[in-house]
A.B. asks: 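Structure provided below as structure tokens; questions to follow.
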Protein chains: 2
Amino acid sequence: MNKNRVTITDIASELNISPSTVSRALKDHPGLRKETKDAVRALAEKWDYQPNLLALSLLHRKSNTIGVIVPEITSHFFSAIITGIQDVVGKSDYNIMICLSNESYDEEVVLVKKLMNMQIDGVLVSTSSETENFDHLRKLQKNGIPVVVFDRDCPGLEADKVLVDDYSGAFQAVEYLIATGCKNIAHLGGPLNLSTTGHRLNGYLDALKKNNMPIREEYIVHVPGFSHKDGSKPAKKLIQLDNPPDAIFAMNDNIAISAMHVAKKMGLRIPEDISILGFDDEPHSSFFTPPLSTVWQPVYSIGMLSARILLSHLNSPDTVLEYRKEIFIPELVIRSSSKAN
Amino acid sequence: MNKNRVTITDIASELNISPSTVSRALKDHPGLRKETKDAVRALAEKWDYQPNLLALSLLHRKSNTIGVIVPEITSHFFSAIITGIQDVVGKSDYNIMICLSNESYDEEVVLVKKLMNMQIDGVLVSTSSETENFDHLRKLQKNGIPVVVFDRDCPGLEADKVLVDDYSGAFQAVEYLIATGCKNIAHLGGPLNLSTTGHRLNGYLDALKKNNMPIREEYIVHVPGFSHKDGSKPAKKLIQLDNPPDAIFAMNDNIAISAMHVAKKMGLRIPEDISILGFDDEPHSSFFTPPLSTVWQPVYSIGMLSARILLSHLNSPDTVLEYRKEIFIPELVIRSSSKAN
DNA sequence: TTGTATGCGTTATCAG
DNA sequence: CTGATAACGCATACAA
């Protein structure tokens with residue numbers, strides 16, 4: 001930051017008028033002599049005066065900045081959500097400050113504290129996969145900072161929430177697999193203690209139960225992370241079972257693709273020998289061989305709605321009467337990695 | 001932002017001491033009675049005092065924030081760069097403020113202005129594909145804000161630059177295609193007036209020239225954008241030529257994959273009938289059928305180095321003697337969408 | 001050992 | 001129509 005930026009005071013002293021007059025001229029206050037107004041503006045223009053937003057924030061006790069905390073941005077999922085957030089917030093007079101927790105609870109806590117101290121006005125957050133305690137978010141709320149949680153639910157936290165019905169997505173997926181004749185359906189689940197993981201697992205289990213299919217422990221494997229490399233070993237483990245599955249419902253597209261790769265390398269035909277179904281519907285997914293069947297989530301809308309809810313709080317002075325809980329229903333996208341109906 | 005956060009003055013008046021004493025106690029100044037220090041700390045703890053970073057920034061004329069401007073974050077390319085930036089900056093006492101220009105010059109200009117007014121201390125920027133004039137960046141420099149440009153060069157702008165040798169990447173790619181027997185090599189180029197587009201095109205042209213291969217206008221098509229959908233029509237156009245190419249060098253993996261899809265749908269075998277080569281080496285690329293040959297770029301390193309250079313300026317008080325220009329050499333990754341050597 | 005005064009850049013309030 | 005003053009929260013030079 002340059003130590004010599006031109007200030008309102010600089011203009012004032014050059015023109016031999018008071019800073020307040022300059023301030024008023026710049027803001028087009030009524031009841032100012034046209035001459036002074038013009039003089040100020042001319043000089044401001046000439047010297048390229050720029051207001052110091054920091055001073056304004058301090059004065060108004062309002063930074064006009066929204067903190068956005070996500071676990072990572074390399075997946076299409078979160079980057080698309082952020083794009084949705086940005087597109088909404090960009091039209092308001094707020095800015096966003098994007099922070100990455102790196103899937104770490106400790107880093108998330110540090111970030112929240114830092115954002116609070118930076119006096120941000122509100123927070124949009126999707127917690128890390130390690131996060132089980134939400135006191136850091138409650139502290140924000142206690143300090144009058146509205147919090148909107150998206151995608152990953154925070155059980156027990158009272159806040160606005162924009163979620164996806166993962167249970168429904170998983171249920172739809174598994175019912176579809178059953179309807180197409182799959183008898184031994186396995187599940188590659190996500191890291192435990194993540195709300196989405198649990199909901200998808202429950203959807204899987206309930207679909208089996210509803211259709212009177214046995215639940216087999218060895219068909220449920222949880223992967224340690226969200227990227228391709230995390231999927232291959234668990235997939236191999238499933239396929240090498242004595243009684244191998246004829247379908248795999250994976251917790252996301254990366255894992256599904258990894259499973260597809262493993263299955264093909266082991267000589268299985270997809271979907272004849274094994275159906276594979278993902279979750280997310282990333283842009284790449286239709287280009288694989290075979291094109292991946294998956295569950296589509298309205299990522300962009302999640303971002304937009306979360307941002308809109310937060311902005312509505314920021315613009316309404318009073319405290320909230322009741323928290324909103326918005327749940328998007330994901331949709332099955334059937335391509336060719338699963339048998340036709 | 002809560003209007004009633006506890007301040008140093010609150011603690012001072014509760015303890016009947018002066019704010020400066022509280023300030024000193026909190027910062028562990030030497031020459032303070034242990035009792036007062038303890039009393040202050042106890043109350044600060046009890047009331048959960050948090051410093052107001054805005055006030056500090058204003059006072060020190062230093063926001064400890066770095067602005068990061070990128071065209072978008074949904075591609076793996078930029079999101080991985082940002083992750084690299086974050087991993088370096090996160091270890092310093094700076095924060096990053098990520099801004100998306102949405103590939104728009106106008107939005108980029110607005111962002112730069114906003115960041116400047118927010119008193120950010122430095123900027124990392126990859127300009128939009130529309131940007132041809134860099135006065136907005138020069139203005140930052142004129143105000144003492146160091147600028148580091150990454151990936152997309154800004155011709156004529158004197159600043160630190162962290163670039164990729166796109167020319168070399170393209171040259172390597174095309175020479176390889178020639179070496180494997182391709183005679184009719186087409187190029188799906190990026191949006192014009194982007195430095196990377198020009199460099200890759202030149203690498204393509206020079207490789208052809210060096211090997212005495214004819215350059216055919218109709219083999220060079222520029223796509224309007226960076227995603228899959230932007231590639232299919234241009235790819236079809238190439239393949240439907242009277243004298244269709246036996247190789248396509250695409251400007252990125254998305255376009256390459258799109259081309260591969262089109263080629264397969266039109267009954268071509270890859271790589272027997274047509275070799276296809278991409279650029280970027282995204283995580284998905286090895287999972288396609290056939291696995292995509294491409295040019296790898298050190299995305300994470302680009303981010304880290306850019307951040308390190310900026311931080312070094314921020315930490316050294318004096319102005320720069322000379323700008324750094326760091327150029328990474330990309331590497332060919334041969335998989336199976338191109339003939340073996 | 002602690003308190004007072006000042007300033008960072010801006011604006012609202014009250015005087016004039 | 002315009003100026004002086006105070007305040008936002010904090011740190012520091014200077015005073016005591």
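To find a chain, count down the sequence lines: A is the first, B the second, and so on, and within it residues start at 1.
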A.B. asks: Without decimals, in angstroms, what is the distance between B:Leu58 CG and C:dC8 C1'?
C.D. replies: 4 Å
A.B. asks: Tell me whether A:Lys325 contacts the main-chain N or O of A:Ala159 through its side chain, where contact means a donor paired with an acceptor under 3.5 Å.
C.D. replies: no
A.B. asks: Would you kindly give the NZ-to-P distance between A:Lys62 and C:dG9, to the nearest whole Å?
C.D. replies: 23 Å
A.B. asks: So, is A:Thr36 close to the D:dT2 phosphate, meaning a side-chain N or O under 4.0 Å from OP1 or OP2?
C.D. replies: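 Yes, because at least one side-chain N or O of A:Thr36 sits under 4.0 Å from OP1 or OP2 of D:dT2.
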A.B. asks: Within this structure, what is the CE-to-P distance between B:Met118 and C:dG9, rounded to whole angstrom?
C.D. replies: 17 Å
A.B. asks: Let me check the geometry of the helix from C:dT1-D:dA16 to C:dG16-D:dC1. What is the bend angle between the axes at its two ends, five pairs each, to 10°?
C.D. replies: 60°
A.B. asks: Does C:dG3 have its OP1 or OP2 closer than 4.0 Å to a side-chain nitrogen or oxygen of B:Ser18?
C.D. replies: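 Yes, B:Ser18 has a side-chain N/O under 4.0 Å of OP1/OP2 on C:dG3.
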A.B. asks: What integer distance in Å separates A:Gln50:CD from C:dG9:C1'?
C.D. replies: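 Answer to the nearest Å: 14 Å.
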A.B. asks: Please test B:Leu194 against B:Arg152 for side chain to side chain contact (heavy atoms under 4.5 Å, CB included), starting from the C-alpha separation and ending with a verdict.
C.D. replies: CA-CA 7 Å; B:Leu194 205 54; B:Arg152 299 184 177 178; 3.7 Å; yes
A.B. asks: Is the shortest heavy-atom distance from the side chain of B:Met97 to the side chain of A:Thr65 under 4.5 Å?
C.D. replies: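 Heavy-atom side-chain distance check passes, below 4.5 Å.
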A.B. asks: What integer distance in Å separates A:Glu35:CD from D:dC1:P?
C.D. replies: 10 Å
A.B. asks: Is there a donor-acceptor pair closer than 3.5 Å between any side-chain N or O of B:Ser306 and the backbone N or O of B:Val162?
C.D. replies: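 Answer holds: no.
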A.B. asks: To the nearest Å, how far apart are B:Asn16 CG and C:dG3 P?
C.D. replies: 9 Å
A.B. asks: How would you list all residue pairs meeting ring pair (Phe, Tyr, Trp, His ring centres under 6.0 Å) that involve residues 89-112 of chain A, not counting sequence neighbours?
C.D. replies: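 Every ring pair (Phe, Tyr, Trp, His ring centres under 6.0 Å) pair that includes a residue of residues 89-112 of chain A, provided the two are not neighbours, is A:Tyr105-A:His136.
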A.B. asks: Measure the distance from CD on A:Gln119 to C1' on D:dC8 and round it to the nearest whole Å.
C.D. replies: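 After rounding, the reported distance stands at 10 Å.
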A.B. asks: Got a list of protein N/O to nucleotides 11-16 of chain D N/O distances below 3.5 Å?
C.D. replies:
{"unit_1": "D:dA11", "atom_1": "OP2", "unit_2": "B:Ser23", "atom_2": "OG", "d": "2.8"}

A.B. asks: So, using side chain to side chain contact (heavy atoms under 4.5 Å, CB included) as the criterion, who are the partners of A:Ser79 when residues are at least two apart?
C.D. replies: B:Ile73, B:Thr74
A.B. asks: My understanding is that only residues two or more places apart in sequence, or in another chain, count here; which of them pass side chain to side chain contact (heavy atoms under 4.5 Å, CB included) with B:Ile8?
C.D. replies: B:Pro19, B:Val22, B:Ser23, B:Leu26, B:Tyr49
A.B. asks: Taking only residues two or more places apart in sequence or in another chain, which ones pass side-chain hydrogen bond (donor to acceptor under 3.5 Å, both in side chains) with B:Gln50?
C.D. replies: A:Asn117, B:Asp48
A.B. asks: Looking at D:dA7, I'd like to know if its phosphate oxygens (OP1 or OP2) sit under 4.0 Å from a side-chain N or O belonging to A:Arg61.
C.D. replies: no
A.B. asks: A:Val147 pairs by side-chain contact (heavy atoms from CB on, under 4.5 Å) with which of A:Ile69, A:Val125, A:Leu124, A:Asp160?
C.D. replies: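 Per the side-chain contact (heavy atoms from CB on, under 4.5 Å) rule, the option paired with A:Val147 is A:Val125, out of A:Ile69, A:Val125, A:Leu124, A:Asp160.
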A.B. asks: Rounding to an integer number of Å, can you tell me how far A:Asn52 CG sits from D:dC8 C1'?
C.D. replies: 13 Å
